[in-house]
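The residues of the chain are indexed from 1 along the displayed sequence. None of these values were measured; they are calculated from a predicted model.
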Amino acid sequence: MCGIIGIVGRRNVNQSIYDGLIVLQHRGQDAAGIVTDDNGHLSLRKDNGFVRDVFRTQHMFRLKGHMGIGHVRYPTAGCSSSAEAQPFYVNSPYGISLAHNGNLTNANELLNEVFRDDLRHINTESDSEILLNVFAHELQSVGKLKLTVEDIFKAVEGVHRRCKGGYAGVAMIAGYGIVGFRDPYGIRPVVFGKRETDLGTEYIIASESVAIDSLNFELIRDIVPGEAVIIEANGTIHTQQCAENPQYRPCIFEYVYFARPDSIIDGISVYKARLRMGEYLAKKIKKEKPDHGIDVVIPIPDTSRTSALRLSNKLRIKYREGFVKNRYIGRTFIMPGQQERKKSVRQKLNAIDLEFKGKNVLLVDDSIVRGTTSREIIQMAREAGAKKVFFASAAPPVRYANVYGIDMPSVKELVGHGQDVDQICKKIGADWLIYQDLDDLIASTSHGKSKIKNFDISVFDGNYVTGDVTPEYLNNIETMRSDKFKQQQRVRAEEQESEITLHNGA
């Protein structure tokens, strides 16, 4: 999971892209990068770390130009080296840079194609570099010195023919403009907008509408599945459908967890969807546990707050903030090693004892992935004096691998895989556990007049919408996502970084 942004402006865009990446930081804390175009001269800065740490004043001074793209990277298996930071760049043809959010499910096949047929070399393990080279080859096939809009749309058509999986990308062609595109199922989100200035109209492409709002742009709309948006350097904008059979299947986990609550994705308010998740959970509790005995509802910060508040209102039970969160600790479900995750939970959250002591507490979380965090938090609640600890998840049990850009753990490490609710409840140590029903989650998200009625729900039901996910592919990512493999990759990345440091020092 990553965040992307691209701006065609009338002044230097470096500060706007930086500010936009800060707003999208929740989509990736592992690395950040910006590339700008100053009349065909490209300047690039990228590295591991938070946005605020990667870009210093000297870097911002060098990032000149009225056009640019940026990226924040979410840490995934095999991508811990700074060499994997985006945007990526190829000089042929035309000079193209690209930032990408998602995952190509046919990356291995494409890797062979790109080398054998396109005569291109891939230097990293990132599928984003593969996507860039596929796009570059499709543009090179045009065989022209000067590109047209039709040439670029044709190249995106080629990308959609060749690439499978979930992806949203923003590419910049030196001296020409930027291109935003979205996979034919619309699995990963991307929107575009505009703002009027004294020098003319400026345009933006970004992963979430919140980035557009924060920079005082006006949201135009989402890029629809299979569509491409071209914004020329002079500010002319073009849109065209580039896929043969597009259909809406956005990832429902965006609404559950990843997206900011103040974002609107495909016309659906993330905040309102989470409110409705709380409503449906409350209805289920009333039905299955009418004599629940809950004294207080406490959210597990931050993404569950909206659902928990609505749930407490519907149950007419007081809502309290029982945990204080340290915002400088990363997400725990992607951290390698059980002990490291347990330690992180204790550093991340601290219980307010007076909200727990002698009470039957209902803890509400957006989802349960490994169960490690849930178990540790339940234990913290007991240590704080809770009489009984109940647990509610705003999402159904996560039982299957995500293959479209969320680097969840190995399936064997998912607490919901092959386990019923009673078994999961026992593993996490709750007095009772209640999950959202899948139909209710879908109803929460596709409420009312929404044009979206179908979603990618593969982590819950194991059905992959792109139709190309084989058992062999799943076995391969099972290996790559195991704690053991991640630890090996981390050690290797550290050794590579050390070698680079020693070499540079010499």
Side-chain angles (χ1 to χ4, degrees), residues 256-257 274 277-326 329 331-333 338-339 341-398 413-416 419-437:
V256 171
Y257 177 62
R274 290 177 185 169
M277 291 173 203
E279 285 186 31
Y280 278 104
L281 260 181
K283 288 179 184 177
K284 187 173 181 180
I285 289 172
K286 286 180 180 178
K287 180 180 178 181
E288 295 191 3
K289 296 281 185 181
D291 301 320
H292 48 70
I294 302 167
D295 296 316
V296 61
V297 174
I298 294 177
I300 297 171
D302 285 315
T303 44
S304 65
R305 282 195 172 107
T306 309
S307 297
L309 182 58
R310 191 66 161 180
L311 182 153
S312 72
N313 289 338
K314 289 295 180 180
L315 292 180
R316 298 182 183 276
I317 298 169
K318 64 183 178 183
Y319 168 96
R320 291 291 185 269
E321 292 285 344
F323 294 102
V324 176
K325 182 178 180 181
N326 180 347
I329 302 292
R331 289 177 174 132
T332 54
F333 76 74
Q338 185 84 341
Q339 286 302 117
R341 282 187 292 272
K342 287 180 68 175
K343 179 183 176 183
S344 177
V345 173
R346 294 281 178 162
Q347 292 175 332
K348 188 177 186 178
L349 296 175
N350 189 47
I352 302 173
D353 291 5
L354 63 88
E355 296 295 354
F356 293 90
K357 195 167 185 179
K359 299 175 184 177
N360 295 332
V361 179
L362 175 65
L363 302 180
V364 181
D365 207 351
D366 52 77
S367 57
I368 306 172
V369 182
R370 290 180 189 267
T372 309
T373 300
S374 304
R375 183 168 60 249
E376 200 67 20
I377 289 172
I378 289 168
Q379 182 58 35
M380 289 170 65
R382 296 195 190 282
E383 291 170 4
K387 188 163 58 175
K388 288 187 177 180
V389 183
F390 313 133
F391 205 95
S393 168
V398 176
E413 294 164 0
L414 296 174
V415 71
Q419 304 287 312
D420 62 29
V421 175
D422 288 340
Q423 290 170 316
I424 299 169
C425 183
K426 187 176 180 180
K427 279 194 170 185
I428 66 174
D431 289 289
W432 56 260
L433 168 66
I434 195 158
Y435 276 104
Q436 187 86 267
D437 289 334

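- Listed for the D365 side chain is no donor-acceptor partner under 3.5 Å among the backbone atoms of S393.
- No donor-acceptor pair under 3.5 Å is formed between the side chain of R375 and the backbone N or O of A430.
- Considering every non-hydrogen atom in both L281 and A394, the closest pair reads CD1-CA, 3.7 Å.
- A 4.5 Å side-chain heavy-atom check between R370 and V415 finds every atom pair outside the cut-off.
- With hydrogens and angles disregarded, no donor-acceptor distance shorter than 3.5 Å links the side chain of E355 to the backbone of I352.
- Other residues, nucleotides and ligands place more than 12 heavy atoms under 6.0 Å from the NZ atom of K284.
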- Task: Could you walk me through whether I298 and V364 pass side-chain contact (heavy atoms from CB on, under 4.5 Å), step by step?
- Result: CA-CA 6 Å; I298 294 177; V364 181; over 6 Å; no
- Step by step, would you call Y435 with I424 a side-chain contact (heavy atoms from CB on, under 4.5 Å)? CA-CA 11 Å; Y435 276 104; I424 299 169; 3.4 Å; yes
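- Side chain of S307 to main chain of R274: a donor-acceptor pair is present (N/O by atom type, distance under 3.5 Å, no hydrogens or angles).
- F390 has its side chain within reach of N360: a pair of non-hydrogen atoms, C-beta onward, lies under 4.5 Å apart.
- Considering only heavy atoms from C-beta on, V256 comes within 4.5 Å of M277 through its side chain.
- Within the structure, the ring-ring contact (aromatic ring centres under 6.0 Å, His included) test picks out the following pairs touching residues 302-325 (sequence neighbours left out): F323-F356.
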- Item | Working for side-chain contact (heavy atoms from CB on, under 4.5 Å), residues I368 and L433 | CA-CA 11 Å; I368 306 172; L433 168 66; 3.9 Å; yes
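- Scanning both residues, V297 and A308, for their nearest heavy atoms gives CG1-O, 3.8 Å.
- Although no hydrogens or angles enter the test, the distance criterion places no donor-acceptor pair under 3.5 Å between the side chain of E279 and the main chain of R310.
- With a 4.5 Å cut-off on side-chain heavy atoms, I434 and F391 do not count as touching.
- Between D437 and K283 there is no salt bridge, since no side-chain N of the basic residue sits under 4.0 Å from a carboxylate O of the acidic one.
- Note that the NZ atom of K388 and the CD1 atom of I294 stand 11.5 Å from one another [nearest 0.5 Å].
- Separation of atoms NZ (K314) and CD1 (I317) is listed at 13.5 Å; rounding is to 0.5 Å.
- Note that CG of L362 and CG of D431 are 11.5 Å apart. Values are rounded to the nearest 0.5 Å.
- Looking at I300 and L349, their side chains come closer than 4.5 Å, going by heavy atoms from C-beta outward.
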- Query: Between L311 and I285, is a side-chain contact (heavy atoms from CB on, under 4.5 Å) present by the stated rule, with each step listed?
  - Reply: CA-CA 9 Å; L311 182 153; I285 289 172; 4.0 Å; yes
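- Note on residues 286-305: pairs passing side chain to side chain donor-acceptor pair (under 3.5 Å), not counting sequence neighbours, are D302-R305, D302-K325, D302-R327, T303-D366, R305-E321.
- Taking 4.5 Å as the limit, every side-chain heavy atom of Q419 sits out of range of all side-chain heavy atoms of K426.
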